[in-house]
Number of protein chains: 2
Amino acid sequence: MSRATSSPNNRATRPDIAEQLAEAIFSGVYAPGDFVPKELDLCEQYSVSRSTVRSALQTLVAAGMVKRISGQGSRVRELAEWHLLDPRVSDWMARFAQPNPRIRREIFAFRVAVEPFVARLAAENATAADLLAIETAYHGMIRALETPDHLYQGVSHDDHDVAFHEAIFAATHNLLWSQISHVLKPAIALLVETSNHSADELNDSMERHRLLMEAIRLRQPEQAEAAALSVLERTGLDLGLEGLSSHLPTLRLPGVGRLEPS
Amino acid sequence: MSRATSSPNNRATRPDIAEQLAEAIFSGVYAPGDFVPKELDLCEQYSVSRSTVRSALQTLVAAGMVKRISGQGSRVRELAEWHLLDPRVSDWMARFAQPNPRIRREIFAFRVAVEPFVARLAAENATAADLLAIETAYHGMIRALETPDHLYQGVSHDDHDVAFHEAIFAATHNLLWSQISHVLKPAIALLVETSNHSADELNDSMERHRLLMEAIRLRQPEQAEAAALSVLERTGLDLGLEGLSSHLPTLRLPGVGRLEPS
DNA sequence: CACGATCCTATGTCGGACATAAACGGAGCA
DNA sequence: TGCTCCGTTTATGTCCGACATAGGATCGTG
C-alpha cells in the first residue's frame with residue numbers, strides 16, 4: 001500500500017485510521033456517549049478523502065464501538081455493546097487497554113473459565129496432528145528459553161506460548177471454541193508478555209504447561225482441565241490477580257492438588 | 001436501517017446487500033474459495049452505486065467471510081475463518097444455515113459447554129435486578145403458554161425463552177460472557193423455535209427452567225450448573241441431538257438427579 | 001407557554017475519475 | 001529452449017464533488 005497523498009514528504013506509513021480512532025476510544029479520549037469528530041474533520045485531520053474516513057468509521061461500527069446517527073454524528077457506544085469477541089477488537093483491547101484493570105480482570109476471569117474446559121475438550125478430541133502442534137509449540141517455548149535472546153527459529157518464547165494455547169483451542173475441533181482462541185490470542189499474548197519474570201517462575205510455568213500437554217496426550221480430560229487451571233493460576237500469580245477463586249470451577253480431582261486458597 | 005417496506009414508488013425495499021450476499025454464501029451459492037461477483041456486477045445487480053456495494057462488501061470483510069484481493073476480486077474464506085462470534089454473523093448463521101447439521105451440532109455443543117458454566121457464574125453474582133429480569137422472562141414464558149397464540153404482551157413464548165437465557169448471561173457481570181449471550185442469542189432462538197413440541201415436553205421444559213432460576217436465586221452454583229445442563233438436555237432431546245454426552249462436564253452433584261441418558 | 005414548520009448539520013448515496021496491486025501473456029536474451 | 005522481465009488486463013483502493021436524507025435545534029406563531 002502506499003501514500004500518494006498530497007503530502008510532499010514521504011509519508012510511507014499510512015496510519016490505519018480505524019485503529020487510531022480505536023486507540024483514542026480505548027484510551028478514553030472519546031468516552032462512551034461522546035461523539036468522535038465528524039467525517040469532514042477526520043478527513044482534514046488525516047489528510048484523506050471522505051471515502052477512506054467512512055471506511056474506517058464503518059470498521060468501528062462493525063466492531064460495535066460507535067453508532068452512526070444520520071445527520072448527527074458518530075457516537076461511541078457503551079463498553080458492554082462493543083464486540084469484544086471480534087478478533088480485531090480483541091487485538092485493540094490487548095494493545096490499547098493495557099492499564100485498564102477492569103478489562104484485564106474480566107479477560108482473565110474469562111480465561112480461567114474457558115481454558116480449563118477447552119483443555120478438557122482437547123483431551124477428548126485431539127488428533128495426532130493437534131498433539132504435534134501442541135508439542136511443537138511447547139518445545140519452541142523450551143528452546144527459546146535456552147537461548148540468550150529467548151528466540152527460537154526467529155520466534156519469541158512468548159509467541160510459542162501463545163501458539164501453545166492456540167493449538168489447544170484448535171484441538172477441540174469445535175468451530176466456536178476455535179474462534180474463541182482467535183479472540184483470546186491477543187489477550188493471552190498480552191498476559192504472557194507481562195508475566196513470566198524470574199527463572200524459577202518460568203521453570204514452574206513450563207512444568208505446568210508440560211503437565212497440561214501430557215494430560216491431553218494421554219486423553220485425561222479431568223487432569224487436563226486441572227492442569228489448564230494450574231497454568232492459569234501460575235499466570236494469575238505472576239500478575240498479582242488474586243481474588244478470582246470464586247470464579248474457579250470447584251474441581252474434585254483425586255490426583256491433582258487443589259487450588260483453592262481457603 | 002430497517003426497512004419500512006411497501007414504498008413502491010422508487011427504491012422499494014432496499015435490500016440489505018450484505019445480508020443478501022451472506023445468505024448466498026451460507027446457502028452455498030458461493031463456496032469458500034469462490035469469488036463473489038465483482039463490485040460493478042453487484043452494482044448492476046442491485047441497482048446501487050459502487051459506494052453502497054463496497055460498504056456491503058466491507059461488512060462481509062469485517063465478518064471474516066470474504067477476503068478482498070486488490071485487482072482480483074472478493075473471495076469467500078474458509079468457514080473456520082469466519083467470525084462466528086460476531087453477533088451479525090451469528091444472526092445470519094441462525095437464519096440462513098438452518099439445515100446445516102454440522103453448524104447446528106457445534107452450536108449446541110458450544111451451548112452445552114458454556115451455559116452450565118454461565119449459570120454457575122450467574123448463581124454466584126446475580127443481583128436483585130438480574131433475578132428480576134430472569135423471573136420476568138420466566139413468567140413471560142408461562143403466561144405466553146397459557147394464551148392460545150402463545151403470545152404474552154405481544155412477545156412470543158420463544159422470545160421470552162431467549163430473554164430468559166440472555167438474562168442469565170447478563171447476570172454473570174462479566175463483559176465477555178455477556179457478549180457470548182449476544183452471539184448465542186440467534187442460535188438459541190433458532191433452537192428454541194425448532195424444539196418444544198408437545199404439551200408434555202413444554203411442561204417438562206418449563207420445570208427445568210424453573211429449577212435453573214431457583215438455583216440462581218438461592219445462590220447454589222452447582223445446582224444451577226446442573227439445572228442449566230438439564231434445560232439443554234431437554235432441548236437436545238427435542239432436537240434429536242444425542243451423542244453429546246461426551247462433551248458434558250461430568251458433575252457429581254448430590255441433590256440433583258443425574259442427567260446421563262445411559 | 002405550547003406547538004408546529006423551518007433550518008441546519010452530518011451522515012447516506014450517487015457517479016465518475018484515476019491510482020494501485022496481482023495475475024496473465026508475450027517479447028527479449030542467454 | 002528456457003528463463004527473466006516488462007507491458008497489459010482486471011478489479012479493487014482512493015479520491016473528488018454533488019445531492020438526498022434523517023434527526024435535532026431553532027424560531028415563529030397562536
Side-chain angles (χ1 to χ4, degrees), chain A residues 1-21 24-25 30 33-77 88, chain B residues 1-21 24-25 30 33-77 88:
Chain A
M1 322 53 164
S2 43
R3 58 332 152 79
T5 54
S6 56
S7 260
N9 58 359
N10 192 345
R11 202 181 174 82
T13 62
R14 165 170 50 207
D16 185 334
I17 298 179
E19 189 167 305
Q20 293 222 357
L21 282 175
I25 292 173
Y30 309 115
D34 291 353
F35 284 90
V36 302
K38 61 186 182 187
E39 292 181 353
L40 291 179
D41 288 349
L42 290 173
C43 292
E44 189 172 354
Q45 180 175 346
Y46 293 101
S47 300
V48 293
S49 76
R50 205 172 143 222
S51 328
T52 309
V53 166
R54 282 182 58 76
S55 171
L57 286 174
Q58 198 170 336
T59 299
L60 294 182
V61 170
M65 292 175 63
V66 306
K67 177 181 186 176
R68 314 199 64 191
I69 307 171
S70 172
Q72 191 169 6
S74 305
R75 151 172 296 179
V76 179
R77 304 178 71 169
R88 195 186 316 240
Chain B
M1 316 308 174
S2 294
R3 207 54 324 239
T5 61
S6 69
S7 174
N9 45 6
N10 41 15
R11 300 176 187 77
T13 69
R14 165 165 44 224
D16 186 334
I17 298 179
E19 189 168 304
Q20 293 222 357
L21 283 175
I25 293 173
Y30 309 115
D34 291 353
F35 284 90
V36 301
K38 62 186 182 186
E39 293 181 354
L40 292 180
D41 288 349
L42 291 173
C43 291
E44 191 171 354
Q45 180 174 346
Y46 293 102
S47 301
V48 293
S49 76
R50 207 172 140 223
S51 329
T52 309
V53 166
R54 282 183 58 76
S55 172
L57 286 173
Q58 197 171 336
T59 299
L60 294 182
V61 169
M65 292 175 63
V66 307
K67 176 181 185 177
R68 313 199 64 191
I69 307 170
S70 171
Q72 192 169 2
S74 305
R75 157 172 296 187
V76 179
R77 304 179 71 169
R88 194 184 319 237

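Just so we're on the same page: letters track the sequence lines, and every chain starts at 1.
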Enquirer: Closest approach to the side chain of B:V48, judged atom by atom: which nucleotide of C:dC14, D:dC15, C:dG12 is it?
Expert: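 So the nucleotide nearest the side chain must be C:dC14.
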Enquirer: Do you know which of A:E39, A:Q45, A:E44 makes side-chain contact (heavy atoms from CB on, under 4.5 Å) with A:V53?
Expert: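 So, applying the side-chain contact (heavy atoms from CB on, under 4.5 Å) to A:V53 and each of A:E39, A:Q45, A:E44, only A:E39 qualifies.
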Enquirer: Please give, in whole Å, the distance from D:dG23 P to A:K67 NZ?
Expert: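 Those two atoms, NZ and P, are 10 Å apart.
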Enquirer: Can you figure out which of D:dG23, C:dA22, C:dT11 approaches the side chain of B:I69 most closely?
Expert: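 Looking only at heavy atoms from C-beta outward on B:I69, the closest nucleotide is C:dA22.
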Enquirer: Report the residue (B:V53 or B:R50) whose heavy-atom-nearest nucleotide on DNA chain C is the more 5′ of the two.
Expert: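 Its nucleotide being nearer the 5' end, the pick is B:V53.
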Enquirer: Would you say A:S55 reaches D:dG13's phosphate, i.e. side-chain N/O to OP1/OP2 under 4.0 Å?
Expert: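 For D:dG13, neither OP1 nor OP2 has a side-chain N or O of A:S55 closer than 4.0 Å.
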Enquirer: Return the value, rounded to whole Å, for the distance between atom CD of A:Q72 and atom P of C:dT11.
Expert: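 Taking atom P of C:dT11 as the reference, CD of A:Q72 is at 10 Å.
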Enquirer: Base, sugar-phosphate, or nothing: which does A:S74 touch, judged by heavy atoms less than 4.0 Å apart?
Expert: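 Contact class for A:S74: sugar-phosphate only.
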Enquirer: Would you mind reading off the distance between A:F35 atom CZ and C:dA10 atom C1', rounded to a whole angstrom?
Expert: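 Atom-to-atom, A:F35 to C:dA10, this comes out as 10 Å.
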Enquirer: Could you check whether any side-chain heavy atom of B:I17 comes within less than 4.5 Å of a side-chain heavy atom of B:L42, counting everything from C-beta outward?
Expert: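 Counting from C-beta outward, B:I17 and B:L42 never come under 4.5 Å.
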Enquirer: From C-beta outward on B:K38, which listed nucleotide comes closest to its side chain: C:dT11, C:dA23, D:dT12?
Expert: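 Side chain of B:K38 sits closest to D:dT12.
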Enquirer: Counting only side-chain N and O atoms of A:R68, is one of them less than 4.0 Å from OP1 or OP2 of C:dG12?
Expert: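 For C:dG12, OP1/OP2 do have a side-chain N/O of A:R68 under 4.0 Å.
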Enquirer: Tell me: CG of A:L40 to P of C:dA10, nearest whole Å?
Expert: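 Whole-Å distance recorded here is 8 Å.
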Enquirer: Tell me the closest heavy-atom pair linking A:Q58 and B:T59, and the distance in Å.
Expert: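 What the structure gives for the nearest pair is NE2-OG1, 3.5 Å.
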Enquirer: Whole angstrom is fine here: how far is it from CD in B:E39 over to P in C:dA19?
Expert: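 About 18 Å, once rounded to whole Å.
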Enquirer: Please pick, from D:dC15, C:dT13, C:dG12, the nucleotide with the shortest atom-to-atom distance to any side-chain atom of B:S49.
Expert: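 It is C:dT13.
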Enquirer: Determine whether B:M65 and B:V76 make a side-chain contact, defined as any pair of heavy atoms from C-beta on separated by less than 4.5 Å.
Expert: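 Not touching, per the 4.5 Å side-chain cut-off.
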Enquirer: Find the distance A:L42:CG to C:dT9:C1' and express it as a whole number of Å.
Expert: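 Value for this atom pair: 16 Å.
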Enquirer: Minimum heavy-atom separation for B:A62 to A:R88, with atom names?
Expert: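 Looks like CA-NH2, 4.1 Å.
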Enquirer: Give the rounded distance in Å between these two atoms: CG of A:D34 and P of C:dA10.
Expert: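 It works out to 16 Å between those atoms.
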Enquirer: For the pair made of CD1 in B:I17 and C1' in C:dG12, what is the distance, rounded to whole Å?
Expert: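 So the two atoms are 13 Å apart, to the nearest Å.
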Enquirer: Can you figure out which of C:dA22, C:dG12, C:dA21 approaches the side chain of B:S70 most closely?
Expert: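 Selected nucleotide (nearest to the side chain): C:dA21.
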Enquirer: If you compare every side-chain N and O of B:R54 against the phosphate oxygens of D:dG13 (OP1, OP2), does one of them come in below 4.0 Å?
Expert: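 Indeed, a polar side-chain atom of B:R54 lies that close.
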